[in-house]
Amino acid sequence: QVQLVESGGGLVQAGGSLRLSCAASGSIFSIRSMGWYRQAPGKQRELVAAITDTGRTNYADSVKGRFTISRDNAKNTVYLQMNSLRPEDTGVYYCNVYLFQGMDYWGKGTLVTVSS
């Protein structure tokens, strides 16, 4: 069993910044990738950014140049620095962890609201 604890969501004005954190704990033998997804009202969940155990990153086109994902392997923690936020970035952000064993886990989500 893996537990994910997310933090850092909130309300911010357009152009502002937020930093999300997600700490993984429990039966973690080997994390292959960690990432963030988001789900806006009435829309499907989509990948925002992900980072592998080797540090390779992947971003949605809509956040490139504004968001930065990083991870601390020793702490099993992933971060998402979000700058130049836009109203369309509003949504519930979910942390995801994918293990080499082929299992993945989701956090409960943290709400990000960007006002115009």
Residues Asp61, Lys64; criterion salt bridge (charged side-chain N to carboxylate O under 4.0 Å, His left out); working and verdict: CA-CA 5 Å; Asp61 288 342; Lys64 286 180 180 177; 3.0 Å; yes

To the nearest 0.5 angstrom, please state how far the [atom1] atom of [X] sits from the [atom2] atom of [Y].
| X | Y | atom1 | atom2 | result |
| --- | --- | --- | --- | --- |
| Arg38 | Glu46 | CZ | CD | 4.5 Å |
| Leu18 | Leu85 | CG | CG | 5.5 Å |
| Asp104 | Ser33 | CG | OG | 8.5 Å |
| Asn76 | Ser25 | CG | OG | 8.5 Å |
| Tyr93 | Met82 | OH | CE | 5.5 Å |

For the student: nearest non-hydrogen atoms of Ala40 and Thr90, plus distance: CB-O, 3.7 Å

Heavy-atom pair of closest approach, residues Ile31 and Ala24: CD1-CB, 4.4 Å

Would you say [X] and [Y] make side-chain contact, with heavy atoms under 4.5 Å?
| X | Y | result |
| --- | --- | --- |
| Asp53 | Asn73 | no |
| Tyr105 | Leu99 | yes |
| Phe67 | Ser84 | no |
| Trp36 | Asn96 | no |
| Asp72 | Val78 | no |

Using modelled atom types only, decide if a donor and an acceptor are shared between the side chain of [X] and the backbone of [Y] within a distance under 3.5 Å.
| X | Y | value |
| --- | --- | --- |
| Glu6 | Cys95 | yes |
| Thr57 | Ile51 | no |
| Arg71 | Thr77 | no |
| Gln81 | Ile69 | no |

Test log, rule side chain to side chain contact (heavy atoms under 4.5 Å, CB included), inputs Arg66 and Asp89: CA-CA 11 Å; Arg66 301 187 296 123; Asp89 294 317; 2.8 Å; yes

Cluster companions of Tyr94 among Ile, Leu, Val, Met, Phe, Trp, Tyr (side-chain spacing under 4.5 Å): Tyr37, Leu47, Val92, Trp106, Leu111

Hydrophobic cluster identity match, Tyr79 and Val63, side-chain contacts under 4.5 Å: no

Verdict with supporting geometry, Val97 and Leu4, side chain to side chain contact (heavy atoms under 4.5 Å, CB included): CA-CA 8 Å; Val97 167; Leu4 301 175; 3.4 Å; yes

Working for side-chain hydrogen bond (donor to acceptor under 3.5 Å, both in side chains), residues Arg32 and Tyr98: CA-CA 6 Å; Arg32 180 173 181 178; Tyr98 184 74; 4.7 Å; no

